[in-house]
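Just below is one structure, and these are the notes that go with it.
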Amino acid sequence: MQLDQAMQERRSIRGFKDKPVPKALLEEIIALANRAPSSMNTQPWHLHVLTGEPLAKVREGNSTRMMEGVPPVREIVDHGAYEGPHRDRQVEIAKQLFAAMGIAREDKEMRLDWVMRGFRQFDAPVSIVVTFDKSLDGGTIAHFDLGAVTYGLVLAAWSRGLGAVINGQGIMQSPVVREHAQIPDDQVIMTCVALGWPDEEFAANAVVSNRRDIGDVARFIGFDE
């Protein structure tokens, strides 16, 4: 698959087949993502690849704590509620997903089920927990670097027929993730990537988010017209 095709066709996958992903394929994807750029070549990332029983325990712990009303515990500063155009785009994609899944606005049960899917990491066969060295905490440069390697993971997976979704919900109960993924104390949990073989019959997988026009995104200064 050409890079242009992967970048144009990639979309977030939230429904997966009950089919394992070979470890060798995951290693291949990670090797590609590991070529991501980083500040001063610091390469601050660590990738904890979960499947089977450890992932099942993370799902159970996340879901139980959220249903019991335990406040989210994240190890990075949250942005808080979105406002303005950011909130508008958040609402727009939610409407697209709910429409695809046939979830009515007043259907509280189905809306809750959708939210809990995120805390279960969308029942994907693999979850990659992305962390960085705690010695680099306190700034945002390592966060930027982890964004690069995470996008590399997603693109590399897509190019090989796998689907993924970058899933902040999956690490909202970080103590659970830290325990079952056996993450060392000198690392900070940033996010996770739910990954597996896309289920073509899962309606939300066909949703393609709208993108801003280039004229709204980029300014060109000093160019001849």
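Between the OG atom in Ser127 and the CG atom in Leu50 there is a gap of 6.0 Å [rounded to 0.5 Å]. Met7 contributes atom CE, which lies 6.0 Å from atom CG of Leu155 (distance to the nearest 0.5 angstrom). Distance check: Cys192 SG to Ile166 CD1 gives 10.0 Å after rounding to the nearest 0.5 Å. Note that OG1 of Thr140 is 12.0 Å distant from CG of Leu146, once rounded to the nearest 0.5 Å.
Heavy-atom minimum distance, Ala148 versus Pro37: CB-O, 3.9 Å. Taking both residues in full, the closest heavy atoms of Gly161 and Trp197 are given as O-CE3, 3.6 Å, listed atom of the first, atom of the second, then distance. Heavy atoms only, all atoms of each residue included: Asn167 and Gly118 are closest at ND2-O, 3.1 Å. Contact between Val149 and Ala33 at its shortest, heavy atoms only, is CG2-O, 3.4 Å. Between Val176 and Gly61, the closest heavy-atom pair is CG1-CA, 3.8 Å.
Residues in residues 59-68 take part in these side-chain hydrogen bond (donor to acceptor under 3.5 Å, both in side chains) pairs, two or more places apart or across chains: Arg65-Gln173. Residue pairs that meet the side-chain hydrogen bond (donor to acceptor under 3.5 Å, both in side chains) test with at least one member in residues 38-58, sequence neighbours left out, are Asn34-Trp45, Asn41-Gln43, His46-Asp133, His48-Thr131, His48-Gln187, Glu53-Lys57. Sorted by first and then second residue, the side-chain hydrogen bond (donor to acceptor under 3.5 Å, both in side chains) pairs with a member in residues 148-158 form an empty list; sequence neighbours excluded. Residue pairs satisfying the side-chain hydrogen bond (donor to acceptor under 3.5 Å, both in side chains) criterion with at least one member in residues 75-85, sequence neighbours excluded, are listed as follows: Glu75-Arg178, His79-Tyr82. Applying the salt bridge (charged side-chain N to carboxylate O under 4.0 Å, His left out) test to residues at least two apart or on different chains, none of the pairs has a partner in residues 144-156.
In this structure, the side chains of Val165 and Val193 stay at 4.5 Å or more apart for every pair of heavy atoms. Contact annotation: the side chain of Arg10 approaches that of Ser12 to within less than 4.5 Å [non-hydrogen atoms, C-beta and beyond]. Looking at Phe16 and Pro198, their side chains never come closer than 4.5 Å, going by heavy atoms from C-beta outward. Side-chain contact between Gln169 and Arg117 is absent, with no heavy-atom pair separated by less than 4.5 Å. Side-chain atoms of Leu55 and Val126, non-hydrogen and from C-beta on, never get closer than 4.5 Å to each other. Contact check for Leu162 versus Ile13: no side-chain heavy atoms found under the 4.5 Å cut-off.
Residues Val58 and Ile189 share a hydrophobic cluster, clusters being chains of Ile/Leu/Val/Met/Phe/Trp/Tyr side chains in contact below 4.5 Å. Under a hydrophobic-cluster definition in which Ile, Leu, Val, Met, Phe, Trp and Tyr are linked whenever side-chain heavy atoms come within less than 4.5 Å, directly or via other members, Met67 and Met172 are assigned to the same cluster. Hydrophobic clustering (side-chain heavy atoms under 4.5 Å, transitive across Ile, Leu, Val, Met, Phe, Trp, Tyr) groups Val130 together with Val49. Residues Leu47 and Val188 are members of one and the same hydrophobic cluster, defined by side-chain heavy-atom contacts under 4.5 angstrom among Ile, Leu, Val, Met, Phe, Trp and Tyr. Note: the hydrophobic cluster containing Val73 does not contain Met66 (ILVMFWY, side chain heavy atoms under 4.5 Å, direct or indirect links).
In this view, His143 and Phe132 satisfy the ring pair (Phe, Tyr, Trp, His ring centres under 6.0 Å) rule, not counting sequence neighbours. Evaluation of the ring pair (Phe, Tyr, Trp, His ring centres under 6.0 Å) rule for Phe122 yields no partner, not counting sequence neighbours. For Asp186, the side-chain hydrogen bond (donor to acceptor under 3.5 Å, both in side chains) test picks out no residue, with sequence neighbours left out. Under the side-chain hydrogen bond (donor to acceptor under 3.5 Å, both in side chains) criterion, Arg120 pairs with Asp123, sequence neighbours left out.
In the hydrophobic clustering (ILVMFWY side chains linked at under 4.5 Å, chained through shared members), Ile141 stands by itself. Summarising the hydrophobic clusters (Ile, Leu, Val, Met, Phe, Trp, Tyr; side-chain heavy atoms under 4.5 Å, direct or chained), the residues clustered with Ile93 are Leu97, Phe98, Met101, Ile103, Met110, Trp114, Phe202, Val207.
Side-chain atoms of Lys134 come within 3.5 Å of backbone atoms of Asp185 as a donor-acceptor pair (strictly under, hydrogens ignored). The backbone N or O of Gly15 sits less than 3.5 Å from a side-chain atom of Asn205, completing a donor-acceptor pair.
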* To do: Start with the C-alpha gap between Lys17 and Glu200, add the side-chain angles, then the distance that decides, and say whether salt bridge (Lys or Arg N to Asp or Glu O under 4.0 Å) holds.
  => CA-CA 9 Å; Lys17 294 180 179 178; Glu200 294 85 358; 3.5 Å; yes
Taking distance alone, no hydrogens or angles, what donor-acceptor pairs closer than 3.5 Å link side-chain atoms of residues 18-31 to residues at least two apart or in another chain?
residue, atom, partner, partner atom, Å
Glu28, OE2, Arg160, NE, 2.5
Glu28, OE2, Arg160, NH2, 3.2

